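What you see is a predicted model; the values in this text were computed from it and never measured. Reminder, nothing fancy here: chain letters follow the sequence lines and each chain counts from 1.
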Amino acid sequence: MPELPEVEIIAGGLRKTVVGKIIQDIIPVWDKSFENRSSVKLSGQRIESIGRKGKYLIIRLTKTSLIVHLRMTGQILYMNQINKDQLSHIRVKILFNDGSCVLFKDTRKFGRIYHLEDEQSILSKVGIDALDPQINLGYFSEALKKSGMNIKAFLLSQKYISGIGNIYVDESLFRAGIHPASAADKIKGNNAGILYNRIREVLNTAIENMGSTISDYRDTFGNSGNNQNYFKVYQCTGQPCEVCNTPIKKIKLAGRGTHFCPNCQKILK
DNA sequence: CCATGTACCTGAAGGC
DNA sequence: TGCCTTCAGGTACATG
């Protein structure tokens with residue numbers, strides 16, 4: 001569900017609602033969903049700022065940080081007051097001293113909220129964010145050259161560039177005309193530049209469209225995104241490619257469902 | 001180092 | 001209707 005664009009929308013929602021609020025208490029409803037790696041007290045701490053790196057959401061507090069990963073079905077929902085309607089699958093409740101709250105809803109229980117003193121203990125293992133102002137084509141090309149993986153696995157790995165998941169990797173590779181099984185180290189020169197630009201366009205467009213909702217993704221106010229209406233290959237199996245009319249094909253690659261146009265996307269090896 | 005499989009979980013959808 | 005299998009946006013870990 002949530003890849004870079006969706007986490008960015010959620011970060012924006014939190015910036016508008018909870019910065020400056022004081023935590024009254026954090027209640028883990030499902031123990032595994034909240035991993036407390038610090039003995040510093042949470043209650044009384046103020047939310048200072050909201051950040052993001054790749055698919056990680058960063059909530060910076062007075063003394064410590066909360067790092068959130070939504071994995072497959074996680075949602076971060078802001079409420080002016082605790083909703084009496086029975087919201088199912090709530091795994092963690094973050095209560096503020098003004099009566100408002102943030103609820104971590106996560107059907108499949110894969111997501112995590114970590115409480116840390118040093119956010120780098122998690123974030124240092126994550127590659128540079130795909131939309132970080134510091135990233136550039138030179139860095140991207142060098143990373144491709146060093147990798148022995150296929151391009152699909154490379155982009156999903158989060159190791160060199162972070163934030164791209166299964167939806168946007170397929171959409172980016174289609175727009176770049178590159179077959180997902182292509183060797184990363186064979187994508188050079190012009191091809192590397194095209195792929196780099198398409199990735200950024202696909203991610204930025206998804207942000208403009210408020211993210212992609214397949215089934216679970218919602219923003220902090222519970223709203224769905226619109227970007228799923230603009231997919232060209234993801235979940236378009238069998239439909240005609242909009243460029244050449246060849247039916248979109250689905251295969252398994254890097255352990256994931258992979259959608260592409262067998263005519264437009266050339267394999268580089 | 002890389003590819004593949006499995007585990008972590010729940011629920012929806014499709015086949016029979 | 002109901003049972004069974006498969007699949008799902010992610011990542012960590014074990015195995016060849």
To the nearest Å, give me how far apart CZ (A:Arg71) and C1' (C:dC13) are.
12 Å
Mind checking whether A:Phe154 and A:Tyr160 have ring centres under 6.0 Å apart?
yes
Could you tell me whether A:Asn150 contacts a base, only the sugar-phosphate backbone, or nothing, with contacts defined as non-hydrogen atoms closer than 4.0 Å?
sugar-phosphate
Would you please confirm or rule out a distance under 4.0 Å between OP1 or OP2 of B:dT10 and any side-chain N or O of A:Lys109?
yes
Quick one: label A:Ser147 by what it contacts on the DNA or RNA (base, sugar-phosphate, nothing), any heavy atom closer than 4.0 Å.
sugar-phosphate
Using the P atoms only, state how far C:dT11 lies from B:dG11, rounded to an integer number of Å.
22 Å
C:dT11 OP1/OP2 closer than 4.0 Å to side-chain N/O of A:Lys55
yes
How about CD on A:Gln134, more than 12 heavy atoms from neighbouring residues, nucleotides or ligands closer than 6.0 Å, or not?
no
Indicate whether OP1 or OP2 belonging to B:dT4 is found under 4.0 Å from a side-chain N or O atom of A:Lys252.
no
Please figure out whether A:Lys250 or A:Tyr56 has its closest DNA chain C nucleotide nearer the 5' end.
A:Lys250
Classify the nucleic acid contact of A:Gly255 as base, sugar-phosphate or nothing, counting any heavy atom under 4.0 Å across all strands shown.
nothing
If we require ring centres under 5.5 Å and near-parallel planes under 30°, does A:Phe110 stack on B:dC9?
no
